[in-house]
Amino acid sequence: MEQETKELRRAGLKVTHPRMRILQIFEDEEAHHLTAEDIYKKLLAHQEDIGLATVYRVLTQFEAAGIVVKHNFEGGQAVYELDRGQHHDHMIDVDSGKVIEFVSEEIERLQREIAARHGYVIEDHSLVLYVRPKQRAK
């Protein structure tokens with residue numbers, strides 16, 4: 001609980017029950033990518049009296065404060081993950097919707113090289129691969 005309190009204060013946000021509970025869900029959850037509805041369902045499962053509108057409002061505040069990153073993967077709902085400051089890319093299983101994080105220094109190097117060849121330096125980027133398990137590939 002103390003870590004979550006520090007994180008909220010560091011972001012300039014007041015420590016409120018809804019913010020603490022939502023941050024706690026991100027901290028405790030094995031799945032790193034959650035929709036607002038996922039969070040709301042978890043709150044309901046714990047008999048928390050926090051509405052879906054509040055969940056969306058808190059997520060917007062967290063995004064503005066740099067606590068979470070919002071992803072709008074193609075064809076799906078927005079998902080949120082804690083911003084731990086470590087860059088990674090994503091694969092989306094098109095059958096299940098599962099989000100898989102990965103890091104590849106080779107891909108990062110190639111992207112820098114391609115940008116440099118065209119006279120640019122990468123400021124930021126997002127790479128999302130839409131995948132299907134090999135045994136079900138079309």
Side-chain angles (χ1 to χ4, degrees):
M1 220 35 130
E2 190 176 317
Q3 177 64 30
E4 288 92 351
T5 301
K6 285 180 184 176
E7 198 163 346
L8 289 174
R9 288 194 175 123
R10 194 175 21 240
L13 295 171
K14 288 183 183 177
V15 178
T16 65
H17 180 72
R19 288 179 182 148
M20 289 293 291
R21 286 297 294 128
I22 291 169
L23 191 53
Q24 206 170 29
I25 287 170
F26 275 110
E27 296 282 353
D28 296 345
E29 187 60 32
E30 284 185 30
H32 295 267
H33 302 85
L34 300 169
T35 66
E37 289 77 13
D38 292 334
I39 295 166
Y40 179 65
K41 287 175 188 171
K42 289 180 185 308
L43 291 167
L44 286 177
H46 289 96
Q47 286 85 38
E48 293 285 348
D49 189 23
I50 300 171
L52 185 57
T54 299
V55 172
Y56 275 107
R57 188 170 46 256
V58 168
L59 289 172
T60 300
Q61 294 165 347
F62 282 4
E63 182 184 12
I67 295 173
V68 298
V69 176
K70 179 181 180 181
H71 299 286
N72 290 301
F73 297 130
E74 201 172 291
Q77 294 178 295
V79 294
Y80 300 83
E81 68 176 314
L82 286 177
D83 186 352
R84 294 297 184 207
Q86 298 170 331
H87 174 76
H88 58 273
D89 296 306
H90 298 93
M91 289 189 294
I92 311 299
D93 181 319
V94 296
D95 293 334
S96 69
K98 179 180 176 184
V99 179
I100 303 127
E101 295 180 354
F102 71 95
V103 175
S104 170
E105 186 47 46
E106 182 178 7
I107 290 173
E108 299 302 316
R109 179 184 51 76
L110 286 170
Q111 291 175 119
R112 289 189 300 271
E113 288 175 10
I114 291 166
R117 248 183 274 144
H118 291 276
Y120 291 93
V121 175
I122 297 175
E123 288 292 320
D124 192 15
H125 80 279
S126 174
L127 175 65
V128 180
L129 304 174
Y130 296 91
V131 298
R132 178 173 279 118
K134 284 183 180 181
Q135 64 270 22
R136 288 184 293 195
K138 292 179 182 176

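From a predicted model like this one, the values you see are computed outputs, not experimental measurements.
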Quiz: residues 65-72 side-chain donor-acceptor pairs under 3.5 angstrom, not counting sequence neighbours:
from	atom 1	to	atom 2	distance (Å)
His71	NE2	Glu81	OE2	2.6

Only counting residues at least two apart or in another chain, list the ones meeting side-chain hydrogen bond (donor to acceptor under 3.5 Å, both in side chains) with Glu48. His17, Arg21

Counterpart residues, side chain to side chain contact (heavy atoms under 4.5 Å, CB included), relative to Gln47 (two or more places apart): none

With clusters built from Ile, Leu, Val, Met, Phe, Trp and Tyr whose side-chain heavy atoms come within less than 4.5 Å, directly or transitively, what are the remaining members of the cluster of Phe102, listed by chain and number? Met91, Ile100, Ile107, Leu127, Leu129, Val131

So that I can tick it off, tell me whether Arg109 and Glu105 are bridged by a salt bridge, with the cut-off set at under 4.0 angstrom between side-chain N and carboxylate O. no

Can you confirm whether more than 12 heavy atoms, excluding those of Asp49, are under 6.0 Å from its CG atom? no

Residues forming a salt bridge (Lys or Arg N to Asp or Glu O under 4.0 Å) with Glu63, sequence neighbours excluded: none

Quick one: does Ser104's side chain get under 4.5 Å of Asp89's, heavy atoms only? no

Same cluster or not: Leu82 versus Leu13, using hydrophobic residues (I, L, V, M, F, W, Y) connected whenever any side-chain heavy atoms lie under 4.5 Å apart? yes

Set of residues satisfying side-chain hydrogen bond (donor to acceptor under 3.5 Å, both in side chains) with respect to Tyr130, sequence neighbours excluded: none

Is it possible for you to say whether Leu59 and Val79 belong to one hydrophobic cluster, with membership spreading through side-chain heavy-atom contacts below 4.5 Å? no

Over 60° means perpendicular and under 30° means parallel, so tell me whether His87 and His125 are parallel, tilted or perpendicular. tilted

